[in-house]
Protein chains: 2
Amino acid sequence: MSETAVPSEPIRGRRGVSDTSTLHEDLVSEIRTLVIEGDLEPGAKIPERVLCERFGVSRTPLREALKTLASEGLLELLPRRGVRVARLTEEDVDQMFPIMGALEALLGELACAHLTEEQFAEIQALHYQMVLHFTRRELAPYFRVNQQIHEKILEAAANPLLLQMYGNLAGRIRRARYVANMSGDRWSQAIKEHEEMLAALSRRDGPALADVLRRHLRNKCETVKSYLRSGT
Amino acid sequence: MSETAVPSEPIRGRRGVSDTSTLHEDLVSEIRTLVIEGDLEPGAKIPERVLCERFGVSRTPLREALKTLASEGLLELLPRRGVRVARLTEEDVDQMFPIMGALEALLGELACAHLTEEQFAEIQALHYQMVLHFTRRELAPYFRVNQQIHEKILEAAANPLLLQMYGNLAGRIRRARYVANMSGDRWSQAIKEHEEMLAALSRRDGPALADVLRRHLRNKCETVKSYLRSGT
DNA sequence: TCGGTCAAAAATGTATACAAAAAATATAAG
DNA sequence: CTTATATTTTTTGTATACATTTTTGACCGA
């Protein structure tokens with residue numbers, strides 16, 4: 001993770017003509033990606049100047065973006081001593097887990113209630129694709145498709161606010177999820193859970209789906225926590 | 001709600017010596033109160049200049065505060081045309097209700113699991129106080145104590161993140177709750193629900209508490225929605 | 001070598017300045 | 001009188017400037 005990474009071509013140059021986006025949103029979303037993808041270490045201090053140079057903007061809009069991200073819980077504001085990437089503690093995960101569980105349970109109900117045949121078919125297709133990646137032990141593509149499946153389910157729930165709130169929590173642990181390598185056992189267990197999810201979805205069995213999602217989440221959570229305990 | 005309300009004594013003057021707070025936090029919290037208490041109409045545009053003068057600060061910190069509040073969902077950012085107080089639509093409430101329900105169910109479980117005898121006694125005391133206000137038909141004090149009870153329960157759950165997330169959602173509808181006047185029936189129903197809550201709490205019966213909280217919430221929700229339909 | 005003090009450097013917090021866009025007002029035409 | 005257009009005024013978005021505070025590190029003495 002070299003300090004002199006690519007200066008991420010000035011944000012302003014990139015923006016098209018029919019410009020519905022704003023500099024603020026762009027900055028928020030760019031920096032959010034940096035944090036989630038792990039380009040910025042948790043706990044690392046973020047001098048405003050380096051991000052200013054990286055994105056080619058002045059401190060004013062940059063600071064506004066930082067405030068927004070802090071409000072999302074991705075950054076931490078240390079008055080008079082800058083901003084740092086929020087560190088995910090085991091305590092945080094313990095607080096987040098039951099909340100995500102509650103949201104997933106709701107998600108299961110809503111998704112089953114609203115899922116169309118088309119959506120189910122899409123999810124099914126993604127599922128088989130994911131299983132394929134699993135059998136080939138292709139971790140990155142597996143994660144990508146996995147992510148897509150969860151997004152499809154969230155989408156089916158037809159509740160944008162739920163999507164946003166869940167997404168926010170998921171974003172805060174995503175980094176850890178990427179790094180945490182799954183043991184073989186956990187991985188096949190995850191696949192089994194996905195099979196159950198698909199079955200529950202096809203039966204439109206909300207409570208069953210909620211239950212699977214909950215167990216699935218608990219395992220993800222344990223994986224993250226054991227990663228936190230080892231690495232930090 | 002006069003436009004020329006008290007200029008809210010410049011924020012900076014108020015801040016004490018042993019100053020752990022920051023201007024940013026103060027501004028966020030002051031403006032948040034303005035929105036929640038209804039001093040700023042939903043849908044109203046907020047010219048930066050008037051808030052700058054009101055609080056005696058320049059645009060830079062003010063704008064940072066606005067960005068934070070927008071991220072909380074209390075304000076809406078309209079690029080190039082300012083900021084306005086988020087309007088609560090019936091659709092919003094429909095999305096928020098199931099989420100708050102899920103969180104309250106969790107809340108019930110956690111509160112029962114962690115509630116101490118002391119905490120229970122406190123809640124019980126507040127409850128009787130609330131019933132007193134009800135019998136006297138004192139709406140404002142009733143709401144205040146009601147609020148305190150819910151806060152105590154949230155506190156007992158011992159999950160700060162849950163508290164924060166729930167508080168955020170509650171804040172977004174609080175304004176409507178204040179204005180919406182409860183019919184006599186609804187009010188006594190609410191009291192009955194509170195009796196049940198207390199009973200469930202004393203038995204430490206999580207599922208029962210979750211159930212009461214859910215029904216209680218559904219009623220609050222209906223009150224809010226009928227208010228939205230009538231007034232706008 | 002290890003602290004400790006003080007000065008220099010850098011970073012943050014806030015205010016102001018300037019450019020560009022939107023809103024308001026005035027003006028003209030029908 | 002209404003509608004359309006031009007012009008002024010406001011307001012927003014961004015950059016820069018300045019005031020404090022924090023951090024760094026040089027220097028000194030034990």
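Side chains are part of it too, since the values below use all heavy atoms of this structure and drop only hydrogens, waters and symmetry mates. Each chain gets a letter, A, B and so on, in the order its sequence line appears, and its residues count up from 1.
The existence of a salt bridge linking A:R218 and A:E222 is excluded, since no basic side-chain nitrogen approaches an acidic carboxylate oxygen closer than 4.0 Å. Salt bridge status for B:R214 with B:E104: absent, with no side-chain N to carboxylate O gap under 4.0 Å.
If you take CZ of A:R81 and P of C:dT12, they are 12 Å apart, rounded to a whole angstrom. Here the P atom of nucleotide C:dT12 and the NZ atom of A:K67 are 10 Å apart, to the nearest Å. Going from atom CG of B:L23 over to atom P of C:dG13 covers 10 Å, rounded to whole Å. Rounding to whole angstrom units, CG of residue B:L62 and P of C:dG13 are separated by 16 Å. For the pair A:F55 CZ and D:dG13 P, the interatomic distance rounds to 20 Å; values are reported in whole Å. Across the protein-nucleic acid pair, A:K45 atom NZ and C:dA10 atom P stand 14 Å apart, rounded to whole Å. Rounded to an integer number of Å, the gap from B:R49 CZ to C:dT16 P is 14 Å. The CD-C1' distance, from A:E64 to C:dG13, rounds to 14 Å in whole Å.
A donor-acceptor contact closer than 3.5 angstrom is absent between the side chains of A:S29 and A:D26.
Contacts of A:R59 with the nucleic acid, taken as non-hydrogen atoms under 4.0 Å apart, include base atoms. Across all strands shown, A:R80 has heavy atoms under 4.0 Å from base atoms, whether or not it also approaches the sugar-phosphate.
Taking the six-membered ring for Trp and thresholds of 30 and 60 degrees, A:W187 and A:Y142 have ring planes more than 60 degrees apart, a perpendicular arrangement.
Map B:I46 and B:T60 each onto its nearest nucleotide of DNA chain D; the residue landing nearer the 5' end is B:I46. Mapping B:S58 and A:G82 onto DNA chain C via the closest heavy atom, the residue that lands nearer the 5' end is A:G82.
In this structure, of C:dA23, D:dT12, C:dT14, it is D:dT12 that holds the atom nearest to the side chain of B:P47.
The shortest non-hydrogen separation linking A:L62 to A:I31 is CD1-CD1, 4.1 Å.
OP1 or OP2 of D:dG13 sits under 4.0 Å from a side-chain N or O of B:R63.
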